[in-house]
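Here is how names work: the chains are called A, B, and so on, in the same order as the sequence lines, proteins then strands, and each is numbered from 1. For clarity, every value in this text was computed on a predicted model and none was experimentally measured.
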Amino acid sequence: MKKDILSRHQKLSIHKTVLTWFTYNQKKLPWRSATPPDPYIVLLSEVMLQQTQTSRIAEKLPAFLEQFPTLEALAQATNKEIILAWQGMGYNNRALRLRDCAKTIVDHYYGIIPDDIDILRTLPGIGEYTSSAIASFAFSQNVPVVDVNIRRIFSRLLRKVANNHDMLSEKESWEIAGILLPKNHSNLWHQALMDIGSLFCTSRSPRCHDCPISSHCQSAFAVIDGEKTPKKEPTHRAIPHRIWRGKIIELLRQSNHHSENANYILHALFQENISTLDSDFLDYILKKLESNNLIELQTINNTIIVSLKE
DNA sequence: AAATCGTGGGC
DNA sequence: TGCCCAAGATT
């Protein structure tokens with residue numbers, strides 16, 4: 001990409017508009033309440049927010065923080081404790097990785113959350129986005145950050161898109177993020193862009209009329225919805241395994257502190273009016289959950305007993 | 001490196 | 001209703 005996508009003047013104008021908008025209109029979120037920011041809370045929230053709406057995490061974080069008030073407390077959580085506490089946040093493997101991340105920091109970094117982006121990147125459950133987000137939001141380092149909101153904003157801002165799926169590549173987005181990064185304002189800049197992305201520059205039906213940067217945007221008032229899928233035939237798509245996995249984990253959460261036998265699980269899931277679950281398939285799913293350290297299996301009197309892993 | 005990893009809400 | 005989407009990471 002060329003560096004002259006926007007003139008210096010245009011960049012400054014956008015920076016000022018976005019940062020000013022944020023000063024008066026930023027979302028109030030639990031992980032934004034501490035000044036200076038608490039790196040532990042930033043770490044928690046950023047992992048929780050992966051592929052998950054801010055509104056849900058805003059609800060869940062306070063109770064989680066009460067149960068695990070420190071990095072050390074989180075590091076000591078058992079699988080079962082962390083999975084129970086993770087209720088409603090999805091992608092249960094993330095919960096174990098978060099605990100493993102905390103444990104790694106306690107065991108190898110004196111319990112101090114690293115501020116080095118390359119070290120952060122090596123921790124369990126922390127990838128390119130989250131390492132950058134922590135460096136920027138917790139430690140105010142002037143690094144680029146790209147999430148789905150920022151990628152979508154850049155995609156639309158810089159050229160007129162064909163539809164709401166027309167996006168810059170991941171790589172291009174990071175390059176643009178580096179080029180558009182205002183000096184010394186990574187933190188506020190990227191949080192502002194994420195707010196604007198989630199409030200106005202949404203994937204479908206963007207609200208350009210209310211968007212603070214629509215006057216700078218090549219795609220303003222011009223984003224159209226993408227194809228509504230060729231819709232060939234009913235193509236009864238199979239239910240993804242993760243849906244069954246999620247139902248099983250949730251069932252075990254609800255039967256808190258008890259084990260369940262596999263036949264009961266089969267029966268319970270059947271009653272949810274879903275027909276494609278047979279015994280062998282359930283066994284397969286259970287073994288994968290076991291290998292993920294999410295559940296424990298034991299066979300007693302020829303029946304399989306299932307419980308959350310301790 | 002394309003697939004897989006939950007869950008809830010919007011339309 | 002069924003499909004899409006959401007502060008991505010891992011294998």
Asker: Do any of residues 117-140 of chain A sit with a heavy atom less than 4.0 Å from DNA chain B, and if so which?
Answerer: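 Those residues: none at all.
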
Asker: Using the test side-chain hydrogen bond (donor to acceptor under 3.5 Å, both in side chains), find all partners of A:Asp115 that sit at least two apart in sequence or belong to another chain.
Answerer: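 Scan of A:Asp115 (side-chain hydrogen bond (donor to acceptor under 3.5 Å, both in side chains), adjacent residues dropped) gives none.
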
Asker: Would you kindly give the CD-to-C1' distance between A:Glu46 and C:dA9, to the nearest whole Å?
Answerer: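 Nearest whole value for this atom pair: 14 Å.
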
Asker: What donor-acceptor contacts under 3.5 angstrom involve side-chain atoms of residues 63-70 of chain A, with partners at least two apart or in another chain?
Answerer:
{"residue": "A:Thr70", "atom": "OG1", "partner": "A:Glu72", "partner atom": "N", "Å": "3.4"}
{"residue": "A:Thr70", "atom": "OG1", "partner": "A:Ala73", "partner atom": "N", "Å": "3.0"}

Asker: Sticking with atom C1', work out how far B:dC11 lies from C:dA7, rounded to a whole angstrom.
Answerer: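 Rounded to whole Å, the distance is 23 Å.
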
Asker: Once you apply a heavy-atom cut-off of 4.0 Å, does A:Leu98 come out as touching a base, just sugar-phosphate, or nothing?
Answerer: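 A:Leu98: no heavy atom of the nucleic acid under 4.0 Å.
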
Asker: Between A:Thr104 and A:His108, is there a side-chain donor-acceptor contact under 3.5 Å, judged purely by atom types and distance?
Answerer: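 No donor-acceptor contact under 3.5 Å links the two side chains.
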
Asker: Roughly, in whole Å, what's the span from CE in A:Met167 to C1' in C:dC5?
Answerer: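 To the nearest whole Å, that distance equals 11 Å.
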
Asker: Quick one: side-chain hydrogen bond (donor to acceptor under 3.5 Å, both in side chains) pairs with a partner in residues 18-40 of chain A, sequence neighbours left out?
Answerer: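 Qualifying pairs: A:Lys27-A:Ser198, A:Arg32-A:Gln191, A:Arg32-A:Asp195.
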
Asker: What string of B, S and - do you get for nucleotides 6-11 of chain B, 5' to 3', if B is base contact, S is sugar-phosphate-only contact and - is no contact with any protein heavy atom under 4.0 Å?
Answerer: BBB---

Asker: Residues of residues 62-78 of chain A with any non-hydrogen atom less than 4.0 angstrom from an atom of DNA chain C: list those, numerically ordered, please.
Answerer: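 Going residue by residue through residues 62-78 of chain A, none turns out to have a heavy atom under 4.0 Å of DNA chain C.
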
Asker: Can you check the A:Glu170 CD to B:dA2 C1' distance for me, whole Å?
Answerer: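 In whole Å, B:dA2 C1' lies 15 Å from A:Glu170 CD.
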
Asker: What is the separation between atom CD1 on A:Ile285 and atom C1' on B:dC5, rounded to the nearest whole Å?
Answerer: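 Checked: the CD1 to C1' distance equals 12 Å.
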
Asker: How far does the C1' atom of B:dG6 sit from the matching atom of C:dC4, given to the nearest Å?
Answerer: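 Those two atoms are separated by 15 Å.
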
Asker: What is the distance, rounded to the nearest whole Å, between atom NE2 of A:His190 and atom C1' of C:dA7?
Answerer: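 Whole-Å distance recorded here is 12 Å.
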
Asker: Can you list everything that forms a salt bridge (Lys or Arg N to Asp or Glu O under 4.0 Å) with A:Asp107? Sequence neighbours excluded, please.
Answerer: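 Once residues adjacent in sequence are excluded, A:Asp107 has no partner under the salt bridge (Lys or Arg N to Asp or Glu O under 4.0 Å) criterion.
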
Asker: Determine, using ring centers only, whether A:His241 and A:Phe281 are less than 6.0 Å apart.
Answerer: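 Yes: the rings meet the under 6.0 Å criterion.
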
Asker: So A:Trp86, base contact, sugar-phosphate only, or nothing? Heavy-atom distance under 4.0 Å.
Answerer: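 The answer is nothing, as A:Trp86 stays clear of every strand by at least 4.0 Å.
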
Asker: How would you list, by chain and number, every residue that makes a side-chain hydrogen bond (donor to acceptor under 3.5 Å, both in side chains) with A:Gln10, sequence neighbours excluded?
Answerer: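 Here the qualifying residues are A:Ser7.
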
Asker: Other residues, nucleotides and ligands only: do more than 12 of their heavy atoms fall within 6.0 Å of OH on A:Tyr110?
Answerer: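 Counting neighbours around OH of A:Tyr110, 12 or fewer heavy atoms of other residues, nucleotides or ligands fall under 6.0 Å, so no.
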
Asker: In whole angstrom, what separates A:Lys171's NZ from C:dG8's C1'?
Answerer: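 Going from A:Lys171 (NZ) to C:dG8 (C1'), I get 20 Å.
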
Asker: Classify the nucleic acid contact of A:Val145 as base, sugar-phosphate or nothing, counting any heavy atom under 4.0 Å across all strands shown.
Answerer: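 A:Val145: no heavy atom of the nucleic acid under 4.0 Å.
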
Asker: Which whole-number value in Å describes the distance from A:Ile41 CD1 to C:dA7 C1'?
Answerer: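 It works out to 17 Å between those atoms.
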
Asker: My understanding is that only residues two or more places apart in sequence, or in another chain, count here; which of them pass side-chain hydrogen bond (donor to acceptor under 3.5 Å, both in side chains) with A:Asn149?
Answerer: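 For A:Asn149, the residues satisfying side-chain hydrogen bond (donor to acceptor under 3.5 Å, both in side chains) (neighbours in sequence not counted) are A:Asp147, A:Arg152.
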
Asker: Could you name each residue pair satisfying salt bridge (charged side-chain N to carboxylate O under 4.0 Å, His left out) that touches residues 206-224 of chain A, not counting sequence neighbours?
Answerer: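 Residue pairs passing salt bridge (charged side-chain N to carboxylate O under 4.0 Å, His left out), neighbours aside: A:Arg207-A:Asp210.
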
Asker: When you compare C:dT10 with B:dG8, how far apart are their C1' atoms, in angstrom units rounded to a whole number?
Answerer: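 Nearest-Å result for C:dT10 against B:dG8 at atom C1': 23 Å.
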
Asker: Just grab all the side-chain hydrogen bond (donor to acceptor under 3.5 Å, both in side chains) pairs involving residues 283-305 of chain A, residues at least two apart or on different chains.
Answerer: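 Sorted pair list: A:Arg245-A:Asn292.
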
Asker: Only counting residues at least two apart or in another chain, list the ones meeting side-chain hydrogen bond (donor to acceptor under 3.5 Å, both in side chains) with A:Gln218.
Answerer: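 Checked A:Gln218 against side-chain hydrogen bond (donor to acceptor under 3.5 Å, both in side chains); zero matches.
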
Asker: Rounded to the nearest Å, what distance is computed from the CG atom of residue A:Leu43 to the P atom of nucleotide C:dG8?
Answerer: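 After rounding, the reported distance stands at 16 Å.
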
Asker: Once you apply a heavy-atom cut-off of 4.0 Å, does A:Arg151 come out as touching a base, just sugar-phosphate, or nothing?
Answerer: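 Here A:Arg151 touches no strand at all.
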
